[in-house]
Amino acid sequence: MQRREFLATSAVALGLPGWAHAQDDDIAALYAQAKQEGKVVMYTSVPSFLLDRWKVLFKAKYPGVEVEFFRSGTGKVLARIETESRAGALGGDVVWMADPTAFNSMVAQKQLLAYRPPEWQHIKLAKQPDGYFVAGRILVGCLLANPKAGGAGVKSYADLTKPALKGKVAIASPLVSGSTHVIDGTLWKDPRFGWKYFEQLKKNDVLVLNDVPDVARAVASGERAAGISLTLYKYQPEYANSPMEVVLPTEGAVTMASPLGIFAKAPHPAAAKLFYRFLLSPIAQTVLAEAGIYPARDDVPAPNGLPDYDKLKKLLPDFDWIENSRRENQAKWREVFGG
């Protein structure tokens, strides 16, 4: 999968084949069918606090359609999809994960539905040309630092390897976290870092946790002074009074379009389309911005306290390389850090 297919520029995105024929199912008709189906099920790695908020808003707008989630790290979500697909009993309707590389294989296996509703016209980044998935949000990898725990002055990825932060840094596992797989993959590929950087982190007694929220908790509590995570965790209510700060690395922040799609064999196809369109609507996208996540829509402002997306200094992932090197890098990770 070429990076340009996923991180498409505005001009390319607006020139997608069949754009003029974007599907415009009547919302009222979709809603009527969705009520007959009774519910929609999403498989996702999106944090629970966002899912809870969307569930309330969706049910208020579309009463009679229940919303259920299977929420876990990307690795476990993919494992469930694989297991259920092999059994011929996929239970999910909608899928939304942090790591876009997984969606390429789902397209190849014909697991996703091609669907381009009108909401697509407001999304200028990361639209799969044939309509199989679209960016629902833009995640930004960052540093989290706690000045009261020794994290004052942390400005770069390189800072995490300094002796002053020995035993004071936390990172997540790319074997569990999809966003970490992309962040780490970007650093592995970058000649300024590579595996040498992670070996330096290891020598600096870095703490490896399962997922990015675990890193946020460790930094916010003062257990660790700094870590690699995502911007959104500073915006959670539980951290409102925490000294933890978002630091955009001087080398650039790793940005990743987080893809959203509909399963081709969704048990509740109308409810799936209705919920998909809701998630791409201004009200759902505003929930993202309020939570410190860049919305995919071009008519919803960036999160408070963060620069506009166009002004953000970025490290762009090479998704081709990350996807093609997955097994090799997972083996190397186990060699350096263990299981």
Side-chain angles (χ1 to χ4, degrees), residues 21-72 74 76-78 80-85 87-98 102-103 106-107 109-123 126-128 130-137 258-288 291 295-297 300:
H21 304 289
Q23 290 134 312
D24 189 10
D25 295 292
D26 179 74
I27 288 290
L30 270 182
Y31 178 33
Q33 296 170 36
K35 282 198 293 185
Q36 292 183 345
E37 293 170 354
K39 68 177 181 179
V40 61
V41 180
M42 183 162 77
Y43 288 0
T44 185
S45 62
V46 172
S48 297
F49 75 95
L50 290 172
L51 303 179
D52 293 341
R53 181 63 176 146
W54 284 329
K55 183 174 183 178
V56 170
L57 293 171
F58 182 80
K59 291 182 69 175
K61 189 173 180 63
Y62 300 110
V65 184
E66 296 298 317
V67 181
E68 297 179 5
F69 303 108
F70 170 70
R71 193 274 161 198
S72 190
T74 295
K76 291 184 179 179
V77 174
L78 287 173
R80 178 162 183 163
I81 293 171
E82 182 178 358
T83 298
E84 291 184 351
S85 295
L90 186 62
D93 299 300
V94 178
V95 57
W96 194 351
M97 294 183 291
F103 278 68
M106 284 194 283
V107 171
Q109 295 175 52
K110 303 185 185 304
Q111 292 179 315
L112 298 178
L113 177 74
Y115 185 56
R116 291 195 294 264
E119 289 78 7
W120 269 45
Q121 66 184 302
H122 289 288
I123 300 175
K127 292 189 284 195
Q128 201 277 339
D130 298 315
Y132 289 107
F133 55 84
V134 66
R137 57 182 177 155
S258 172
L260 169 67
I262 298 174
F263 286 119
K265 296 181 179 180
H268 315 98
K273 289 181 178 180
L274 187 67
F275 192 54
Y276 179 92
R277 293 186 64 171
F278 166 78
L279 292 172
L280 296 177
S281 71
I283 187 171
Q285 292 282 301
T286 298
V287 170
L288 290 172
R297 287 184 67 108
V300 178

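These numbers were taken from a predicted model, which means no experiment stands behind them.
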Student: Between L78 and M97, is any pair of side-chain heavy atoms under 4.5 Å apart?
Tutor: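 L78 reaches M97 side chain to side chain.
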Student: Does a side-chain heavy-atom distance below 4.5 Å link Y276 with V40?
Tutor: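 With C-beta onward as the side chain, the pair stays apart.
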Student: Look only at the side chain of W96 and the backbone of M42, and say whether a donor-acceptor pair between them is shorter than 3.5 Å.
Tutor: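 Not at all, since once roles are kept as given, no pair shorter than 3.5 Å links the two residues.
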Student: Measuring from I27:CD1 to R277:CZ, what's the distance to the nearest 0.5 Å?
Tutor: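 It is 3.5 Å, given to the nearest 0.5 Å.
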Student: Do the side chains of L90 and K265 get nearer than 4.5 Å, heavy atoms only?
Tutor: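 When only atoms from C-beta onward are counted, L90 and K265 do not touch, as no gap falls below 4.5 Å.
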Student: In the structure I gave you, are the side-chain heavy atoms of K127 and W120 within less than 4.5 Å of one another anywhere?
Tutor: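 Yes, side chains in contact.
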Student: Hey, which of L30, D93, L279 is the one that makes side-chain contact (heavy atoms from CB on, under 4.5 Å) with L274?
Tutor: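 Testing L274 for a side-chain contact (heavy atoms from CB on, under 4.5 Å) against L30, D93, L279 leaves exactly one candidate, L30.
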Student: Restricting to non-hydrogen atoms, name the atom on P267 and the atom on G92 that form the minimum distance, rounded to 0.1 Å.
Tutor: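 Result for this residue pair: CD-O, 3.2 Å.
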Student: Can you name the nearest heavy-atom pair linking L50 to A291, along with the distance?
Tutor: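 The pair with the smallest heavy-atom distance is CD2-CB, 3.7 Å.
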Student: Do R71 and S48 get their side chains close enough for a donor-acceptor pair, meaning under 3.5 Å?
Tutor: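 Checked: R71/S48 side chains show no N/O donor-acceptor pair below 3.5 Å.
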Student: Quick check against the 3.5 Å criterion: does S85 have a side-chain atom that pairs as donor or acceptor with the backbone of E82?
Tutor: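 Checking the backbone N and O of E82 against the side chain of S85, no donor-acceptor pair under 3.5 Å is found.
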Student: Would you find more than 12 non-hydrogen atoms of other residues, nucleotides or ligands less than 6.0 Å from R80 atom CZ?
Tutor: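 Counting other residues, nucleotides and ligands, CZ of R80 exceeds 12 neighbours.
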Student: Is there side-chain contact between E84 and Y43, with at least one heavy-atom pair below 4.5 Å?
Tutor: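 With C-beta onward as the side chain, the pair touches.
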Student: Side-chain contact test, heavy atoms from C-beta onward, threshold under 4.5 Å: evaluate it for Q111 versus V95 and give yes or no.
Tutor: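 In short, these two side chains do not touch, never coming nearer than 4.5 Å.
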Student: Do the two ring centres, one from F58 and one from F275, sit under 6.0 Å apart?
Tutor: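 For F58 and F275, the ring centres are under 6.0 Å apart.
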Student: Between E119 and L280 (side chain of the first, backbone of the second, donor and acceptor by atom type, cut-off under 3.5 Å), is there such a pair?
Tutor: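 It does not hold such a pair.
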Student: Mark yes or no for whether Y31, through its side chain, and D26, through its backbone, hold a donor-acceptor pair below 3.5 Å.
Tutor: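 No, because the side chain of Y31 does not come within donor-acceptor range (under 3.5 Å) of the backbone of D26.
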Student: Using a 4.5 Å cut-off on heavy atoms from C-beta on, say whether the side chain of S45 contacts that of K76.
Tutor: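 Sidechains of S45 and K76: no contact.
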Student: With rounding to the nearest 0.5 angstrom, report the CG to CZ distance, L112 to F263.
Tutor: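 So the gap between those two atoms works out to 7.0 Å.
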Student: Side chains of W54 and V46: does their closest heavy-atom pair fall under 4.5 Å?
Tutor: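 Contact flag for W54/V46 side chains = yes.
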Student: Indicate the atoms forming the closest heavy-atom contact of F278 with I283, along with that distance.
Tutor: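 Reported closest heavy-atom pair: CE1-CG2, 3.9 Å.
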Student: For the residue pair P259 and A98, what are the closest heavy atoms and their distance?
Tutor: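 Heavy-atom minimum between the residues: CD-O, 4.2 Å.
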Student: Given 3.5 Å as the limit, does a donor-acceptor pair link the side chain of Q285 with the main chain of R297, or not?
Tutor: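 The answer is yes, because a donor-acceptor pair under 3.5 Å joins these two groups.
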Student: Which atom names give the shortest non-hydrogen contact between A34 and A270, and what distance separates them?
Tutor: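 Closest approach of A34 to A270: N-CB, 3.9 Å.
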Student: Is the shortest side-chain N to carboxylate O distance from E66 to K55 below 4.0 Å?
Tutor: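 Not counted as a salt bridge, because no side-chain N and carboxylate O are separated by less than 4.0 Å.
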